[in-house]
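To find a chain, count down the sequence lines: A is the first, B the second, and so on, and within it residues start at 1.
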Amino acid sequence: MKLFGLIDCNNFYVSCERAFQPRLEGKPTLVLSNNDGCVIARSNEVKELGVKMGAPFFKIKQFCTQEGIEVFSSNYALYADMSSRVMTIIRQFEPFVEVYSIDEAFISFESEHPEALEEYFIRLRDIVLQSTGIPISIGVSTSKTLAKVTNHVAKKERESGVCILTQEGAIESILERFPVGDIWGVGRRFSERLQALGVKTALDLKNSVRLREQFGVVMARTIEELKGVPCQALEKAAPKKSIVCSRSFGERVSVLSALEEAVCLYASQACEKLRAQDSVASCIHVFLEASAFTADKQYSGGVTYPLPQATSDTRVIISAAKSIIKRLYHSGVPYKKAGVMLMEIGKNSVTQGDLFLENTSEATSELMQTIDGINARWGRSTLYFGAQGGPSGREWKMKSDSKSRNFTSAWDDLPEAS
DNA sequence: TCTGGGGTCCTAGGACCC
DNA sequence: TCTGGGGTCCTAGGACCC
């Protein structure tokens, strides 16, 4: 029988911090979003203290001090590296893996005796924990949606961290007490509407009919998946169709030159991502957001700009971004956020050339490859474009007051044993 | 003072084509 | 009295995910 599994890292960002700072073990620990804005990861101790996901940090700061909660700014260099270590081990156990997010992966396989697999997955769990320090939970069932449900059960109720359910009866007894809003694909809006119709649990949803007209095809698929009819296969990693780089500023920014620096930095980072997936973009969108405290919304907005030729050349994109930002900018407005989006992305190899432009793509790609290579070898921002401003002295840079070291990705930050 | 960042898919309606 | 049928593409908005 065809089965799906979901492997999920427990409290992932907190677990990454703990892996290199054992003193955090057993202590309430949380990780903040970019700009130290809100809570995006909580240890179990923090959850027990009642701190909610997404809680604005400024509102709970005092509470954190009172309760002795350990607070960290997000450290994506660390989390991304730990994630790839975990995924590498998973691939050694299972050939078919879909990396679904930084801390989750689906697997898919055939098995006639699923219950006998428990020991196998417990061993996977043990090896991941031993090799990386990251605890994981594993849920297995007959569709992706049910794998999500069993993963939930594994995390909350199973000492082993593994839950395998394939029998209809056993699945139903779980669905019966599973809130409809916790189902994968049922968000807050749908949850409210479903409950108003008396659909309160996953079992209610599984047994409901005629929801298709009101809730669309996505919900229809979810219902089928709850019945154990898989409607979603494992997906291969596909190149991104759009790439966004944007940040809120640590402080409000009103100076054009600073906005230009920020936008050029985001443009350059977006180009790096673009080249990493061997693509080119034909369109760029740049946006500015004014602080909510300036009454006028008119100063927030963006402009989309077609590029003369599909490209991944940072110089071309930066120059387009600069000309857009000049159009968007209003003197004296306090801006809180800016961003760059690359769109109409296609494969580098099948680009349409321009009859009237000089073909410089070969020289461009060599230059860009060289820059990317140097930065990969010697660290991000070893080489950068002048328009971005230097790595130091960016008065607009985001708030990140409590970041841990880059334990696994910077030579100077390697942990020391004493 | 003060609430992140990065994505995908679906649908409805309008413009336009033959 | 009274104006077809079928299709594509684009956009905006809504919903969801982590």
Hey, what are the protein-to-nucleotides 9-12 of chain C N/O distances that come in under 3.5 Å?
none

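No engagement by A/Glu251 is indicated, since no non-hydrogen atom pair under 4.0 Å with the nucleic acid exists. At a threshold of 4.0 angstrom between heavy atoms, the contacts of A/Ile243 are confined to the sugar-phosphate backbone, with no base atom among them.
Judged as a ring pair (Phe, Tyr, Trp, His ring centres under 6.0 Å), and not counting sequence neighbours, the contacts of A/Tyr120 are A/Phe93.
Side-chain contact annotation: A/Asn348 with A/Ser279, donor-acceptor N/O pair under 3.5 Å absent. A/Glu17 and A/Tyr79 form a side-chain donor-acceptor contact under 3.5 Å, judged by distance and modelled atom types alone. Residues A/Thr145 and A/Glu225 bring a donor and an acceptor atom of their side chains to less than 3.5 Å of each other. With hydrogens and angles left out, the side-chain atoms of A/Ser191 and A/Gln195 include a donor and acceptor closer than 3.5 Å. In the model, A/Ser137 has a side-chain atom that pairs as donor or acceptor with a side-chain atom of A/Asn10 under 3.5 Å. Residues A/Lys399 and A/Asn34 have side chains that never bring a donor and an acceptor to within less than 3.5 angstrom of each other. No donor-acceptor contact under 3.5 angstrom links the side chains of A/Asp313 and A/Thr311, judged on distance only. Side-chain N/O atoms of A/Asp81 and A/Thr408 include a donor and acceptor closer than 3.5 Å.
Contact annotation: A/Ser248 side-chain N/O to B/dG5 OP1/OP2 distance is under 4.0 Å. Taking side-chain N and O atoms only, A/Ser242 has a distance below 4.0 Å to OP1 or OP2 of B/dT8. The phosphate of C/dC17 has neither OP1 nor OP2 within less than 4.0 Å of any side-chain N or O from A/Ser101.
Protein atom CG of A/Asp103 is 15 Å distant from nucleotide atom P of C/dC17, rounded to whole Å. The CD-P distance, from A/Gln269 to B/dG5, rounds to 12 Å in whole Å. Atom OH of A/Tyr266 and atom C1' of B/dG5 are 11 Å apart (whole Å). Protein atom CD1 of A/Ile345 is 11 Å distant from nucleotide atom C1' of B/dG7, rounded to whole Å. For the pair A/Tyr100 OH and B/dG6 C1', the computed distance is 13 Å after rounding to whole Å. Taking atom CG of A/Leu274 as the reference point, atom C1' of B/dG7 lies 16 Å away to the nearest angstrom. Atom CZ of A/Arg188 and atom C1' of C/dC16 are 12 Å apart (whole Å). Put simply, CG on A/Asn34 is 16 Å from C1' on B/dC2, counting in whole angstrom units.
Using a 4.0 Å cut-off on heavy atoms, the residues of residues 37-61 of chain A that approach DNA chain B are A/Gly37, A/Pro56, A/Phe58, A/Lys59, listed by number. Shown for residues 399-409 of chain A: no residue has heavy atoms falling under 4.0 angstrom of DNA chain B. A heavy-atom distance below 4.0 Å to DNA chain B is reached by these residues of residues 198-222 of chain A, ordered by number: A/Val217, A/Val218, A/Arg221.
Note on A/Glu118 versus A/Arg123: no salt bridge recorded, every NZ/NE/NH1/NH2 to OD/OE distance being 4.0 Å or above. Under 4.0 Å is where a charged nitrogen must lie from a carboxylate oxygen, and between A/Glu157 and A/Arg177 at least one such pair does. A salt bridge is defined here as a Lys NZ or Arg NE, NH1 or NH2 lying under 4.0 Å from an Asp or Glu carboxylate O, and A/Glu98 with A/Lys236 fails to meet this definition. Under 4.0 Å is where a charged nitrogen must lie from a carboxylate oxygen, and between A/Lys227 and A/Glu224 at least one such pair does.
Spacing of C1' atoms, C/dG4 relative to B/dC17, comes out at 14 Å, to the nearest Å.
Among B/dG7, B/dT8, C/dC18, the nucleotide with an atom closest to any side-chain atom of A/Trp184 is C/dC18. Comparing atom distances between the A/Arg189 side chain and each of B/dC2, C/dA15, C/dC17 picks out C/dA15 as nearest. Distances from the side chain of A/Arg252 to the nucleotides B/dG5, B/dC2, B/dG7 place B/dC2 closest. Ranking C/dC18, B/dG4, B/dT8 by closeness to the A/Lys148 side chain, first place goes to C/dC18.
Because its NZ or CZ atom is not both nearer than 6.0 Å to the ring centre of A/Phe249 and within 45° of the ring axis, A/Lys337 does not count as a cation-pi partner of that residue.
Taken from CD1 in A/Ile325 to CD1 in A/Ile318, the straight-line distance is 12.5 Å, to the nearest 0.5 Å.
Between A/Phe190 and A/Phe215, the ring centre distance stays below 6.0 Å.
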So what is the 5' to 3' dot-bracket string for DNA chain C, if pairs are Watson-Crick or G-U wobble with both distances under 3.5 Å, crossing pairs use [ ] and | means the partner sits on another strand?
....||||||||||||||
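Residue A/Gln130 qualifies as open at atom CD: its count of foreign heavy atoms under 6.0 Å is 12 or below.
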